[in-house]
Amino acid sequence: MEKTYQPQAIEQSWYNTWEERGYFKPQGGDNAYSIMIPPPNVTGNLHMGHGFNNAVMDAMIRYHRMRGDDTLWQMGTDHAGIATQMVVERQLAAEGISRHDLGREKFLEKVWQWKEQSGGNITRQLRRLGSSLDWSRERFTMDDGLSDAVKEAFVRLHDDGLIYRGKRLVNWDPKLHTAISDVEVENHDEKGFMWHLRYPLADGATTAEGKTYLVVATTRPETMLGDTAVAVHPDDERYASLIGKEIELPLVGRRIPIVADDYVEREFGTGCVKITPAHDFNDYEVGKRHGMNLINVLDKSAAILAAAQVFNIDGSHNDQVDTTLPAAYAGMDRYVARKQIVADLEAAGLLDKIDDHALKVPRGDRSGVVIEPWLTDQWYVSTKPLAEPAIKAVEDGDISFVPKQYENMYFSWMRDIQDWCISRQLWWGHRIPAWYDEAGKVYVGRNEAEVRSKHQLDESVVLQQDNDVLDTWFSSGLWTFSTLGWPEQTEFLKKFHPSDLLVTGFDIIFFWVARMIMMTMHLVKDENGNAQIPFKTVYVHGLVRDSQGQKMSKSKGNVLDPLDIIDGIDLETLVQKRTTGLMRPKDAAKIEKQTRKEFPDGIESFGTDALRLTFCSLASTGRDIKFDMGRVEGYRNFCNKMWNATRYVLMNTEGEDCDQDDSGNYELSLADRWIISRLQQAEQTFTESLENYRLDLATQAFNEFFKNEYCDWYLELSKPILWDDNASTAQKKGTRRTLIRVLEATLRLAHPLIPFITEEIWQRIKPLTGATGDTIMLATYPIADSSKLDPAASADIEWLKGVIEGIRTIRGEMNIAPGKHIPLFMQHGNDNDQRLLNDNRQYLQKLANIESIEWLEPDSEAPTSATALVGKLEILVPMAGLIDVAAERARLNKEVERLAKDHERTAGKLQNPKFTDKAPAEVVAKEQQKLEDINAALVTLREQLETLAQL
RNA sequence: ACGACCGUAGCUCAGUUGGUUAGAGCACUACCUUGACAUGGUAGGGGUCGGUGGUUCGAAUCCACUCGGUCGUACCA
């Protein structure tokens, strides 16, 4: 074996081997276990979130696969409507072509071409993480099967009265010309203004103060063209007499009423609010309460219309209201119009004042432009009826969240769920299966032929399919079952649905998790006709943040690419990567500076296993994690330790009889029995931790066992036997057998977390272990065997450790070279101590570099020594020529001081009758024992100090 | 403003139902190239567990208040 661990040399080739040999396919026993991957965006690139959730999912998948379950990790990607369309549009734009030049059909061909060429990026990257996904069943939300599922779902929901079309306010992106969802809107703090406008009262009315106008405050003066009322608080005495009177809307000349609504805050501004139901979500609600019209004054690009469009609150067309708008603003962009309108109001003496005002501005995350609440015809899913069973499924525990507190988040959202706008004005996506006749009547069906036959429409009726596509989340909502072949009742659907585990971030509980639950429960039934859930457990993980706790983002330039941690990256390349393609190029200098400061030498290559171990170690309670590169390095070093421990084991077992043929005739030493016992405990803890989704505790248990027990102690304890010419063949065989078999079991135990190094080592040691099988991936998962627990061996080893540590402490603090062989005395021990000495003399001499050990009778004179205590047993290192008296006294004094403090605390407790009366007897007994031990130790140490004082 | 979560060593994090001297990794100090490993070993230093008050024989752990941080919803014209 190479002298150091080199992940680059092993990881990719093992992955290729696994995939080629079909190990990722379901192939276990009767018990099915499945996870559906949250479909990554096909335009996407790997980020730390993927790294994190794949580490978790793959750990669970590999664990269950090794447990013998029929295990499916379903792979697939989603088509990411807007993102993909924009990528291809950008490409076309470089050639000077717009999608409209091409037309819909041709454009979609281009998108598919792009997908074939570039859509595999993310899937290649996921392979680098070691994820054991079933690639043979990979799906894509736009493939034929999933598209059929989408149509089927749409039609069924429509037939069940749960999908409808309506005119509503939506988040409209005036650049991309589509509705977008709330998650695609980012609210930024920006500086703006509050314009105070004077709205003249009609019919000579005056305010209580005698003014002929009301002052309304607004951040969006241009929307005043669409005002339908001014609202005041019903209890506001200042305006009580004006309620029901009218305003003459400036510039427009339309009359609008003054209404009372308790939405208005009396204290804010002037207490008068202009109401524009067609351009503001809050105003829309006010408008609904007062039966106002919706007056839309903006076109799809957010420019002012030549004439307003007026609708009744139910969305129907209204031809009663005058649609005249001032001609001067027609065609002006909203911000140009804003300037002009303010200027015109000022000229008319209607501008009261302008204040600075900080506000949240909603911007489209793709386009960066300010989102406009805009009135459009859209398709909606009626969510209330779907939410009810979905809430119940979680209440009843059919679905549970880990950690549990996320259930509250789920409930609170589901309780006031809004109808879901599912249409998008894009070309790339699932086209809505609805057709219109020339009169505008809509028919829904799986295809045009079905629509015609269902509604008896012959060829003479011209049908036109809806131009819009469905929200990408609509197809994602079907993910757990559409990927398994629904609406066909496939074997896979029967076997693997409901899935077992969903691993996802809390930020999409609403947008994805909740919708999956609703869609699945409505559409998928079991044999008994009962609603099926999509998954039993939702594991919610936190966000991966940078080392400062900042959210990682391209614009902050603090993004880490998991592949750069795996492969390493030099500083210049990293700087370049972080500073290209920025939304604001002027940030480049700052980002460069901060990158050079944080990674002066770039990033080392740590390998996938170290990265995965880091994610697992941080995966505790669903909280955000600050990514710490130091930890990756630590785990890389840990892998190196595994590598080198293996070299030691191989060095001592290759070509030897390790009982690989199960011939027996071996003898287990104390150390062998102890490490085997300890292994059972590690297996127990590790498995329990996995079952509870505490990968951090599993990681900890593994490290603790492998490094602190197996490497630090067991390997050392094996040396005195293996290197002892007098040791018997049976003893050596027993030790070799234990060395190799414990290592082998440990590899299987840890394989779900660190697949590559465990496979590499397993293959190398396999012939010596008697293990069979072609891969550790499909080897049996270790299960703790309580019959192998050996408390007696553990107690003996604890004694041995205590003695050795006592000697090492003396050496360390007294500056005795570790290699110097020293004599040792023991005194005042009991029979057990004496037995232990006799049994373990050889271990002690070898591990503590002792030249001789002498057991002193209680009454015999001991040489002046440095002392360590193991229980009552005194470990004496003679000082002659080795130890400075003053130093030893200082050391003992420190120890006495510590014990004295402890004594005081413990004695105090025991003297307190409240404690002795009320505390459980075993706790009291424990304290008593402790006090005795402290007393004994103090007596011994003080005697020693006396002795030293007399020198 | 409301709700959730968090605050433990210089840094990143554990700490199960209250019960020895509050742990790990990284960083730090000293010593050590010894026949698996310097991507290492051994020993060591470092914490009044954000603060205050309470419950309790006993609180990092439970309760109340408070300060600070993160996130979500509402932050409104």
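In the text below, chain A, chain B and the rest are named by the order of the sequence lines, each starting its count at 1.
Nucleic acid contact class of A:P920 (heavy atoms, under 4.0 Å, all strands): base. Counting non-hydrogen atoms under 4.0 angstrom, A:T809 reaches the backbone sugars and phosphates but no base. When heavy atoms are screened at a 4.0 angstrom cut-off, A:R545 is found touching the sugar-phosphate backbone but no base atom. Counting non-hydrogen atoms under 4.0 angstrom, A:K909 reaches nothing in the nucleic acid. Contacts of A:C272 with the nucleic acid, taken as non-hydrogen atoms under 4.0 Å apart, are absent. At the heavy-atom level, A:V264 lies under 4.0 Å from base atoms of the strands shown. Base engagement by A:R636 is indicated by at least one non-hydrogen atom pair under 4.0 Å involving a base atom.
Between the side chains of A:E897 and A:N893, not a single donor N or O lies within less than 3.5 Å of an accepting N or O. With 3.5 Å as the limit, one finds a donor-acceptor pair spanning the side chains of A:N708 and A:E704.
Put simply, NZ on A:K801 is 17 Å from C1' on B:A43, counting in whole angstrom units. Rounded to an integer number of Å, the gap from OH of A:Y635 to P of B:C26 is 9 Å. The nearest whole Å value for the distance from the CE atom in A:M814 to the C1' atom in B:G44 is 12 Å. In this structure, A:E895 places its CD atom 10 Å from P of B:G44, rounding to the nearest Å. Rounded to whole angstrom, the span from the CG atom of A:D712 across to the C1' atom of B:G40 amounts to 11 Å. Look at NZ on A:K846: it is 10 Å from P on B:G35, rounded to the nearest Å. When rounded to the nearest whole Å, the span between CG of A:L715 and C1' of B:G35 equals 14 Å. Separating the NZ atom of A:K360 from the P atom of B:C75 is a distance of 12 Å, rounded to the nearest angstrom.
Side-chain proximity of A:Y263 to the nucleotides B:A77, B:G19, B:A43 is greatest for B:A77. Listed nucleotides B:C31, B:A43, B:U39 differ in distance to A:N637; the shortest reach to its side chain belongs to B:U39. Relative to the side chain of A:R905, the nucleotides B:U39, B:C75, B:U21 differ in distance, and B:U21 lies closest. Side-chain proximity of A:N640 to the nucleotides B:C57, B:U42, B:C37 is greatest for B:C37. Listed nucleotides B:C31, B:A43, B:A77 differ in distance to A:T218; the shortest reach to its side chain belongs to B:A77. Looking at the side chain of A:N912, the nearest of the listed nucleotides B:A77, B:C71, B:C57 is B:C57. Proximity note for A:V923 (side chain, C-beta onward) versus B:C37, B:A43, B:G19: the nearest is B:G19. Among the nucleotides B:G19, B:A77, B:G44, the one closest to the side chain of A:F915 is B:G19.
Remark: the A:E716 side chain and the B:A36 base include a donor-acceptor N/O pair separated by less than 3.5 Å.
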So which protein N/O to nucleotides 47-49 of chain B N/O distances come out below 3.5 Å?
none

List every contact pair, protein side and nucleotides 5-16 of chain B side both N or O, where the distance is under 3.5 Å.
from  : atom 1 : to     : atom 2 : distance (Å)
B:C6  : O3'    : A:R623 : NH1    : 3.3
B:U12 : OP1    : A:K626 : NZ     : 3.3
B:U12 : O2     : A:R631 : NH1    : 2.9
B:C13 : OP1    : A:K626 : N      : 2.9
B:A14 : OP1    : A:S620 : OG     : 2.3
B:A14 : OP2    : A:R623 : NH1    : 3.4
B:A14 : O3'    : A:R694 : NH2    : 3.3
B:G15 : OP1    : A:R694 : NH1    : 3.1
B:G15 : OP1    : A:R694 : NH2    : 2.9

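Phosphate contact (OP1/OP2 of B:A24, side-chain N/O of A:K707, threshold under 4.0 Å): absent. Put simply, A:H357 has a side-chain N or O that comes within less than 4.0 Å of OP1 or OP2 on B:A77.
Look at the C1' atom in both B:C6 and B:U66: the space between them is 16 Å, to the nearest Å. Only the C1' atoms considered, B:U42 is 24 Å distant from B:G47, to the nearest whole Å. With both ends at atom P, the span from B:C32 to B:C71 equals 50 Å, rounded to whole Å. For the P atom pair drawn from B:U17 and B:G7, the interatomic distance equals 15 Å after rounding to whole Å. Across the P atoms, B:G51 and B:A4 are found 22 Å apart, a figure rounded to whole Å. Spacing between B:U29 and B:G69 at atom P, rounded to whole Å, works out to 34 Å. Rounded to whole Å, the separation between the P atoms of B:U20 and B:A59 comes to 12 Å. Taking atom P on both B:C11 and B:A27, the two are 15 Å apart, rounded to the nearest angstrom.
The aromatic rings of A:H541 and A:Y539 sit tilted, their planes meeting at an angle between 30° and 60°. The aromatic rings of A:F686 and A:F702 sit perpendicular to each other, their planes meeting at more than 60°, with 30° as the lower class boundary.
With contacts defined as side-chain heavy-atom distances shorter than 4.5 Å, the pair A:T223/A:D283 does not qualify. When side chains are defined from C-beta on, A:L351 counts as touching A:W195, because their heavy atoms get closer than 4.5 Å. Counting only heavy atoms from C-beta outward, the side chains of A:I816 and A:I822 approach each other to under 4.5 Å. At a threshold of 4.5 Å between non-hydrogen side-chain atoms, the residues A:F401 and A:M409 do not count as touching. Considering only heavy atoms from C-beta on, A:N703 comes within 4.5 Å of A:Y635 through its side chain.
RNA chain B forms stems at B:1-7 with B:67-73, B:10-13 with B:23-26, B:28-32 with B:40-44, B:50-54 with B:62-66, each a run of 3 or more consecutive Watson-Crick or G-U wobble pairs whose two key distances fall under 3.5 Å.
A donor-acceptor pair is defined here as one N or O able to donate and one able to accept, closer than 3.5 Å; no such pair exists between the side chain of A:Y843 and the backbone of A:A848.
The side chain to side chain contact (heavy atoms under 4.5 Å, CB included) with A:D227 is formed by just one residue from the set A:M292, A:K274, A:H279; it is A:K274.
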(message) Please determine whether side chain to side chain donor-acceptor pair (under 3.5 Å) holds for the pair A:E688 and A:Q684, giving the CA-CA distance in whole Å, both sets of side-chain angles, and the decisive distance to 0.1 Å.
(response) CA-CA 6 Å; A:E688 270 173 19; A:Q684 179 75 25; 2.7 Å; yes
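Comparing A:N849 and A:G549, the nucleotide of RNA chain B nearest to each residue sits closer to the 5' end for A:N849.
Note that A:K719 lies in the cation-pi zone of A:Y648, set by a 6.0 Å cut-off to the ring centre and a 45° limit from the axis.
The aromatic ring of A:W723 sits over the base of B:G35, with ring centres less than 5.5 Å apart and planes tilted by under 30°.
Atom CD of A:E904 is surrounded by 12 or fewer heavy atoms from other residues, nucleotides or ligands within 6.0 Å.
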